[in-house]
Number of protein chains: 2
Amino acid sequence: MKVSELAKAAGVTAETVRHYTREGLLAPTRDPSNGYHCFDGQDLERLAFIQRARTLGFSIKEVRDILAHADHGDSPCPLVRDLLAQRLPEIRERIQELEALAARMEEALNAWADMPDGIPDGHSLCRLIESLPAPSTDQADATSAKEEA
Amino acid sequence: MKVSELAKAAGVTAETVRHYTREGLLAPTRDPSNGYHCFDGQDLERLAFIQRARTLGFSIKEVRDILAHADHGDSPCPLVRDLLAQRLPEIRERIQELEALAARMEEALNAWADMPDGIPDGHSLCRLIESLPAPSTDQADATSAKEEA
DNA sequence: TAAAACCTTTGGGTTACACAAAGGTCAAGC
DNA sequence: GCTTGACCTTTGTGTAACCCAAAGGTTTTA
């Protein structure tokens, strides 16, 4: 199988297959005549395995470690179990953060229903945002300031 | 105020202040004698504003746009309201995804209670992971495969 | 006056790919 | 036989919001 054939069979993009290959999760042979990557059924199974692991929230690095254990003949199960047990509370915390964020957003939208648009006057940039509680200037408080897209 | 003075006053790192300056959210003057950045009380207010905006989930780019509106004399309020209304359902969706992830992780941990560690045998890498539902190979399904740390 | 503490800019690292460029390969039709 | 289009290769860039290190100038302090 060539890159896009494997990709199609697994339902991912060819770029993803190349990425996993670059990262060492897949180790295809080469067709000596043209330098193309060659994948077989085992690679397809391996890719399906990677996808399942990803749905459990494992990072590429973690999956690489898991595969390395297995390739080395060791059971990766204890590692997987540990990672999972460790990650679960982190995910829960993340959910709490996002719920708090959603609550703040909702509150803000509601509060705004009663507030007129303000023209910036050098003191006020946007009343809505300025009406929020002041971010703590406490060094020790870093629990609420992490966000992404 | 110098960089770390402003940083301390606002409860962020000096690196963050420099980052916002590089990104154009803050526009300090320069001390001609040594080239140091000089911030004043307005900059501190502005930084507090940025922090509040960040707690609402706005990206640096969005904050820059909001500030640009205000600096230009236009009310950023409608923009802020739109961004907020648009982002809220996205956050909700993200929460659902993470809850589904947490559920999968829990299910996996529970299922494992009844499963022995397997030694990789060339067919099975990790029974737990392989016992998961197969990731859909359907191109049109991209709803569950997005994750981060 | 020398070290400690802080400033500057530049550049690299983090995640999991997506995308573009430049150039070789291959199957199909004319 | 040749063009065309689809696919392959590697390399490098971009994404978000910083963190950290290096190299070198400045200011403060002991």
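So that the names make sense, note that chain A is the first sequence line, chain B the second, and so on, each numbered from 1. Since the structure is predicted, the reported quantities are computational estimates derived from the model, not experimental observations.
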Return the 5'-most residue of the pair B:Lys2, A:Lys61 with respect to DNA chain C, ranking by each residue's nearest nucleotide. B:Lys2
Between [N] atom [atom2] and [X] atom [atom1], what is the distance in whole Å?
| X | N | atom1 | atom2 | value |
| --- | --- | --- | --- | --- |
| B:Glu23 | C:dT9 | CD | P | 14 Å |
| A:Lys8 | D:dC7 | NZ | C1' | 10 Å |
| B:Arg30 | D:dG25 | CZ | C1' | 13 Å |
| A:Leu6 | D:dT9 | CG | C1' | 17 Å |
| A:Asp31 | D:dC7 | CG | C1' | 14 Å |
| A:Glu15 | D:dC7 | CD | C1' | 13 Å |
| A:His19 | D:dG14 | NE2 | C1' | 14 Å |
| B:Leu26 | D:dA17 | CG | C1' | 15 Å |

CH2-OG distance between B:Trp112 and B:Ser131, expressed to the nearest 0.5 angstrom: 9.0 Å
Quick check on [N]: is either OP1 or OP2 less than 4.0 Å from any side-chain nitrogen or oxygen of [X]?
| X | N | answer |
| --- | --- | --- |
| A:Arg18 | C:dA18 | no |
| A:Ser4 | D:dC8 | yes |
| B:Tyr20 | D:dC18 | yes |
| B:His37 | C:dC7 | no |
| B:Thr13 | D:dC19 | yes |
| A:Asn34 | C:dG24 | no |
| A:Arg54 | C:dT15 | no |

Is a side-chain donor or acceptor of [X] paired with a backbone partner of [Y] at a separation under 3.5 angstrom?
| X | Y | answer |
| --- | --- | --- |
| A:Asp43 | A:Asp40 | yes |
| A:Arg64 | A:Glu23 | yes |
| A:Arg104 | B:Thr55 | yes |

Over all atoms of both residues, closest heavy-atom pair of B:Thr21 and B:His37: CG2-CE1, 4.2 Å
First encountered from the 5' end of DNA chain D, between B:Ser33 and A:Glu5: A:Glu5
Can you figure out which of D:dC18, D:dT11, C:dA16 approaches the side chain of A:Arg22 most closely? D:dT11
Please pick, from C:dC17, D:dC19, C:dC7, the nucleotide with the shortest atom-to-atom distance to any side-chain atom of B:Tyr36. C:dC7
